[in-house]
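Step one of this worksheet: look at the structure below.
Keep in mind it's a predicted model, so treat the numbers as computed, not measured. Whatever order the structure lists them in is the order used to number ligands and atoms, beginning at 1. The first residue of the sequence shown is numbered 1, and numbering continues consecutively from there.
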Amino acid sequence: SPFDLLITNADVVTASDRFSTDIGIRDGKIVALGRHLGEAGRTVDASGLLTLPGGVDAHCHLDQPMEFGLRMADDFTSGTRSAACGGTTTVIPFAAQMKGQSLRAAVEDYHRRAEGKACVDYAFHMIVSDPTPRVLSEELPALIREGYTSFKIYMTYDDLKLNDRQILEVLDVARREGALVMVHAENSDCISWLTDRLVAEGNTAPRYHAVSRPQAVEREATHRAITFSELVDVPILIVHVSGSEAIEQIRWAHGRGQRIYAETCPQYLYLTAEDLGHEGYEGAKCVCSPPPRDQQNQEAVWRALAHNVFSVFSSDHAPFSYDDAQGKKLNGKEQKFQYIPNGIPGLETRLPLLFSGGVASGRISLHQFVALTSTQPAKLYGLYPRKGSIMIGADADIALWDRDLEVRISNDRLHHAVDYTPYEGRTVTGWPVMTFSRGRLVSQDFEFLGRAGEGEFMPCGQPIL
Ligand code: DUC
Ligand code: ZN
Ligand code: ZN
Ligand code: ZN
């Protein structure tokens with residue numbers, strides 16, 4: 001038969017269009033759209049469901065080596081399995097350079113970590129933490145040309161941060177080579193000064209993590225990054241924007257015609273700083289950076305999503321278990337807030353949380369949902385049109401959504417290797433009930449059906465800005 005798979009009666013929604021069609025799939029690609037396409041090895045009737053492009057999670061951390069003997073709970077298998085069960089068919093984790101390490105060695109290390117283990121397709125961003133003359137003049141330009149066309153830089157964390165001069169230098173390489181720089185915008189000295197003051201006063205519980213990183217710290221760094229982008233004349237993307245003050249800076253830049261892209265994440269829509277203050281040590285489960293703010297800021301993030309201030313909605317999945325040796329309680333011991341690893345798991349819940357609070361609640365359109373979670377990340381990171389839409393020639397990465405299904409989120413039903421979800425007990429409306437990765441059914445009804453090793457590495461093209 002001409003098709004391996006036929007999805008019939010599909011109500012397809014892309015970033016720009018909505019149409020009813022059958023979808024013919026061969027060799028992992030969408031090869032026909034229309035009615036009466038003919039025979040197929042397998043037919044799936046999508047009546048009553050929404051047919052959306054598979055999600056592209058452009059910000060997640062898998063199997064990154066950590067300081068202090070910590071390890072991430074998710075490797076490329078458990079992380080991508082979890083992604084698939086949440087309707088995500090492409091992940092872009094990080095290949096992080098350690099200080100003193102060559103950038104190429106870092107990229108090769110992460111390829112070894114991923115090889116034969118991923119269940120859905122993946123690409124890499126780099127993290128540049130040591131921009132030596134050799135990295136700036138040779139390694140970075142060469143790697144960008146080889147398909148690592150985006151990289152993250154940090155304005156905080158001692159083992160990762162760049163100073164202002166270094167940031168200008170890496171931005172200049174990005175401008176020359178056409179790469180997209182992702183910026184973690186928090187002021188390092190402000191955080192360490194506030195942290196020392198809190199600790200000196202004996203304030204070390206998880207909730208002080210949020211006190212040590214107020215919005216002013218994020219706002220100042222966001223403004224500084226925007227200024228550097230202007231001086232170098234290169235677009236940048238501000239990652240994990242948490243609230244109204246950083247949003248104001250981004251809107252200010254947009255008003256001046258600057259090309260500043262921005263990303264936000266579910267934690268800034270669903271968590272608040274109060275969640276870090278839960279009884280006992282449980283608040284550690286919600287420690288991430290920047291920290292979640294308050295309800296007014298959640299509303300500001302929703303408004304900014306509705307008004308297209310953001311281009312990308314990512315999980316920032318950072319898989320640290322709560323209660324085991326690689327966790328937020330290190331070896332069972334409750335840590336002072338400044339030692340709690342920053343980040344929360346979210347690969348599997350990213351799409352349902354945005355769908356429920358955004359689409360089902362009428363705050364954003366279905367087209368915006370697809371744009372934020374699939375099309376725009378695919379374009380910005382050079383994977384479009386292979387990923388990010390439903391069209392002839394694209395990979396058959398497709399999620400069928402039951403938009404009315406009510407699901408109570410519980411960690412028992414998730415597929416990551418982390419021992420908690422910060423969203424335990426919340427009910428969402430809408431869930432991807434079937435996910436196809438290059439035409440292979442990788443999840444159905446909360447069950448993982450794929451296989452490790454079926455996900456392929458993809459080099460990235462130039463960002464489409
Ligand atoms: N930044 C991230 O992007 N992820 C986890 C922690 C952090 O600070
Ligand atoms: Zn970050
Ligand atoms: Zn507006
Ligand atoms: Zn991150």
Side-chain angles (χ1 to χ4, degrees), residues 56-68 70-74 79 83 88 91-97 110 122-129 150-162 167 170 180-188 190-192 195 206 209-210 212-215 217-219 221-222 224-225 236-243 246 261-268 271 276 284-293 310 312-321 326-328 335 337-347 350 377 381 416 418 422:
V56 176
D57 197 335
H59 185 160
C60 56
H61 303 266
L62 298 175
D63 204 13
Q64 270 180 239
M66 304 299 298
E67 293 185 298
F68 313 123
L70 275 170
R71 223 164 44 80
M72 288 191 166
D74 280 317
T88 289
V91 296
I92 317 180
F94 295 90
Q97 179 195 27
Y110 281 85
Y122 62 98
F124 285 117
H125 311 289
M126 300 179 285
I127 289 173
V128 177
S129 68
S150 50
F151 59 90
K152 185 176 175 190
I153 59 172
Y154 286 78
M155 299 171 86
T156 191
Y157 297 125
D158 288 339
D159 54 335
L160 294 169
K161 71 181 178 194
L162 305 188
I167 294 173
V170 299
L180 182 58
V181 182
M182 310 160 76
V183 182
H184 179 125
E186 288 184 298
N187 181 309
S188 182
C190 292
I191 294 168
S192 69
T195 299
H209 171 78
S212 74
R213 309 173 94 103
Q215 281 202 74
V217 160
E218 181 188 14
R219 180 234 300 153
T222 301
R224 189 156 31 106
I236 57 170
L237 184 141
I238 311 286
V239 292
H240 46 49
V241 171
S242 74
Y261 297 88
E263 171 202 78
T264 193
C265 315
Q267 45 271 40
Y268 306 117
L271 303 179
L276 276 67
K285 291 180 177 176
C286 298
V287 166
C288 58
S289 289
R293 309 296 180 184
F310 292 107
V312 183
F313 187 78
S314 309
S315 68
D316 198 5
H317 181 82
F320 301 106
S321 285
Q326 59 209 31
K328 300 214 166 197
Q335 303 288 301
F337 73 83
Q338 72 269 36
Y339 302 120
I340 300 170
N342 288 189
I344 60 180
L347 269 167
R350 171 183 73 120
Y381 298 117
H416 58 202
V418 184

Counting heavy atoms only, which of Lys152, Gln64, His317, Arg213 comes nearest to atom 2 (C) of ligand 1?
Lys152
Is there a donor-acceptor contact under 3.5 Å linking the side chains of Arg213 and Ser289?
yes
Within the 4.0 Å heavy-atom shell around His59, which atoms of ligand 1 are there?
2 (C), 3 (O)
Test side-chain hydrogen bond (donor to acceptor under 3.5 Å, both in side chains) on Ser242 and Gln215 and set out the steps.
CA-CA 8 Å; Ser242 74; Gln215 281 202 74; 5.0 Å; no
Residue pair Asp316 / His61, side-chain donor-acceptor N/O under 3.5 Å
yes
CZ/Arg224: more than 12 non-hydrogen atoms of other groups inside 6.0 Å:
yes
Going by chain and residue number, what protein N/O/S atoms come nearer than 2.8 Å to the Zn ion (ligand 2)?
Lys152 NZ, His184 ND1, His240 NE2
Indicate whether the side chain of Gln338 and that of Thr195 have a donor and an acceptor atom separated by less than 3.5 Å.
no
Side chain to side chain contact (heavy atoms under 4.5 Å, CB included) for Phe320 and Met66? Distances and angles first, verdict last.
CA-CA 10 Å; Phe320 301 106; Met66 304 299 298; 3.6 Å; yes
Suppose we call two aromatic rings close when their centres sit under 6.0 Å apart. Are Phe337 and Tyr339 close by that rule?
no
Close approach of Asp316 to ligand 1, heavy atoms, under 4.0 angstrom
yes
Per-atom filter on ligand 1: closer than 4.0 angstrom to a heavy atom of Asn342 are 5 (C), 6 (C)
For ligand 1, which atoms sit closer than 4.0 Å to a heavy atom of His240?
1 (N), 2 (C), 3 (O)
For Phe94 and His125, run ring pair (Phe, Tyr, Trp, His ring centres under 6.0 Å): C-alpha distance rounded to whole Å, both residues' side-chain angles, the deciding distance at 0.1 Å, then the answer.
CA-CA 5 Å; Phe94 295 90; His125 311 289; 5.0 Å; yes
Look at the rings of His240 and His59 and say which category their plane angle falls in: under 30° parallel, 30 to 60° tilted, over 60° perpendicular.
tilted
Per residue His59, nearest N, O or S atom to the Zn ion (ligand 4) is named NE2
For atom 8 (O) of ligand 1, closest protein heavy-atom neighbour
Tyr157 OH, 2.5 Å
